[in-house]
Amino acid sequence: MTQIKIFDTTLRDGEQSPGVNLNQLEKLELAKQLERFGVDVMEAGFPASSQGDFNAVKKIAETVKNVSVAGLARAVKSDIDACWEALKNAENPRLHVFIATSPIHMKYKLKKSPEEVIETAVEMVKYGKQFFDHVEWSAEDASRSDLDFLAKIIEKVIDAGATVINLPDTVGYTMPREYGAMFRYMKENVPNIDKVDLSCHCHDDLGMALANSFAAIENGATQVEGTINGIGERAGNASLEEFGVALTIRNDYYPYQTNLVLKEIKRTSDMVSKFTGMTVPGNKAVVGRNAFAHESGIHQDGVLKNAETYEIITPELVGVQSNNLVLGKHSGRHAFTDKIKQLGFTLTDDKIKEAFVAFKSLTDRKKEVTDDDLFAILTDIQTDTSNIKRYSLQEFKVQYGSSDKPNATVTLHTPDDDIIEKTATGQGSVEALYNTLDQIIKEETHLTDFQLNSIGKGRDALAEVHVSLTVEDVHVTGRGSAQDVLEAAVQAYLNGVNRAIYKTTTDKV
């Protein structure tokens, strides 16, 4: 069985999804979950892009021990220097340096001749090799590059010290047969190609990312790059959970294996969805809520008689439990702490106490508390930014009738330690609340998006609200969960504002 390495770029390419803005605490929690998921390499970010990203990559590199941590760099010495400073304390640091190789990119973006591009690529790989044992070199827009030129530059960067060659379909343009042929061409025409791992990185603009990834490994690629839930720029990247499950289900066809721990898929997918605010579509392969739902009577009858009639993936394979009722109002602290460990969280004693109080409060209002409910509580507490001055909700009231204009009163504790109460109206209850909040919050704030979802099922399900905001020209996202939709909406708005304050504070560190 050929071993396929998994290169996860959720924290870098995934975060480049429109509207996604992860803070350092969220990136760190995702990194720890990706480690549990079993990826071989995680691209933690682009250290040269901002102080905040540099700090996050540095923290991840110092925390994660069982995964190679990579940083992205342009073919520029200062970018490589930033990567080394961020990654030098990692257990297994890796540089990922790229330069464009397609005619259109070289001419219009780089404004360099092919010979100049080769010279720059070789120089930067040699420079990076002074610091990093592992250097991945990427030919940006490889799928639209001239194959002879690509073979020529690859040979030279391997001689310069590259250990991985990545041939990305940067704009999601190519078809599986073409993409596979490019890898086969390099295997047959680059004399020193056997000295490196060949890697594929596919975007999903034409819906071909996963198919192209399989075409690549069929033709010599030994590393697959992608993201959880397939998030990423534009239409996203190849979905790693789909790739891992497909290899397992079709091991009769594909003689490949990975180190992925498939039972961690649901938890990893849920965490990415929660932190990014990108809800997983119900019909999404492997992790969508309908992946194991059979509405057709014929399908239901078949599944009841023999699950394999229509179910090729068992829920348990990807970590979906058929009965995820976890704890009730009479559950004690010891059982609660054990459940935290089962869910993969490592909390301080103070945070365990805080989580237990939140759990007990929920059991007073909700009869059945599930894994999903507990997951929502724990992720919010683990990524809480209460160590900084922030706005916190003291109380809110809304008066509304079908023939009346909504009227909202909100009392907040401000970062200046003041208690302020204001009242405002709006066309709807949420608008009235947000208009009231804007009267108290001193930062200039604009709402750009609002999403409402439920956690679990039933009338007593938790509501989860995601918002996108600009706060003093800083773009952030916010989230809030509560049994009351309006409370969740208020908490999401305040979370977004507090995240902007946190981002401004940590970016200066």
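Counting from 1, the numbers follow the sequence of the chain as shown. Quick caveat: nothing in here was measured; it's all calculated off a predicted structure.
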[X] atom [atom1], neighbour heavy-atom count above 12 within 6.0 Å:
X      : atom1 : answer
Leu343 : CG    : yes
Lys195 : NZ    : no
Lys65  : NZ    : yes
Arg177 : CZ    : no
Phe450 : CZ    : yes
Asp133 : CG    : no

Where do [X] and [Y] come nearest, in terms of heavy atoms and distance?
X      : Y      : value
Ala162 : Val125 : N-CG1, 3.5 Å
Ile228 : Ser269 : CG2-CA, 3.8 Å
Met186 : Leu147 : CE-O, 3.6 Å
Ala31  : Ile60  : CB-CG2, 3.7 Å
Val471 : Ala500 : CB-CB, 3.6 Å
Thr10  : Thr227 : OG1-CA, 3.4 Å

**Q.** ring pair (Phe, Tyr, Trp, His ring centres under 6.0 Å) assessment of Trp137 paired with Phe98
**A.** CA-CA 6 Å; Trp137 177 81; Phe98 72 95; over 10 Å; no
Quick test of your reading of the model: are [X] and [Y] salt-bridged, counting only N-O distances below 4.0 Å?
X      : Y      : answer
Lys58  : Glu85  : no
Glu29  : Lys32  : yes
Lys274 : Asp380 : yes
Arg74  : Glu140 : no
Asp371 : Lys339 : yes
Glu178 : Arg144 : no
Asp270 : Lys266 : yes
Asp252 : Arg250 : yes
Arg94  : Glu43  : no
Lys156 : Asp159 : no

Q.
With side-chain hydrogen bond (donor to acceptor under 3.5 Å, both in side chains) as the criterion, how do Arg289 and Thr279 come out once you've worked through the C-alpha distance, each side chain's angles and the decisive distance to 0.1 Å?
A. CA-CA 11 Å; Arg289 65 178 179 273; Thr279 304; over 6 Å; no
Do we see a donor-acceptor contact under 3.5 Å between the side chains of [X] and [Y]?
X      : Y      : answer
Gln33  : Thr268 : yes
Gln451 : Glu464 : no
Thr101 : Ser145 : yes
Tyr185 : Asp148 : yes
Asn66  : Glu35  : yes
Asp338 : Gln342 : no
Gln24  : Tyr502 : no
Asn283 : Asn290 : no
Asp372 : Thr370 : no
Lys5   : Ser199 : no

Q) Judged by atom type as modelled, is there a donor-acceptor pair below 3.5 Å linking the side chain of Asp204 to the main-chain atoms of Asn237? A)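 Looks like no, no N/O pair under 3.5 Å.
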Q: Could you label the plane-to-plane angle of the His203 and His201 rings as parallel, tilted or perpendicular, counting under 30° as parallel and over 60° as perpendicular?
A: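 Taking His201 first and then His203, their aromatic rings sit tilted (interplane angle of 30° to 60°).
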Q. With under 30° as parallel and over 60° as perpendicular, where do the rings of Phe214 and Phe243 fit, or are they tilted in between?
A.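 If you compare the ring of Phe214 with that of Phe243, the planes turn out tilted.
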About how many Å separate [atom2] of [Y] and [atom1] of [X], when rounded to the nearest 0.5 Å?
X      : Y      : atom1 : atom2 : value
Lys107 : Ser113 : NZ    : OG    : 13.0 Å
Asp141 : Asp169 : CG    : CG    : 8.0 Å
Thr379 : Leu374 : OG1   : CG    : 9.5 Å
Ile80  : Met124 : CD1   : CE    : 5.5 Å

So [Y] and [X], do their side chains get closer than 4.5 Å, heavy atoms only?
X      : Y      : result
Ile165 : Ile158 : yes
Glu136 : Asp197 : no
Arg184 : Glu218 : no
Pro93  : His134 : no
Thr477 : Leu469 : no
Asp350 : Glu354 : no
Leu22  : Glu26  : yes
Lys284 : Glu241 : yes

Q: With Gln3 as reference, evaluate Thr258, Asn259, Asp40 under the side chain to side chain donor-acceptor pair (under 3.5 Å) test and give the passing residue.
A: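 Only one option passes, and that is Asn259.
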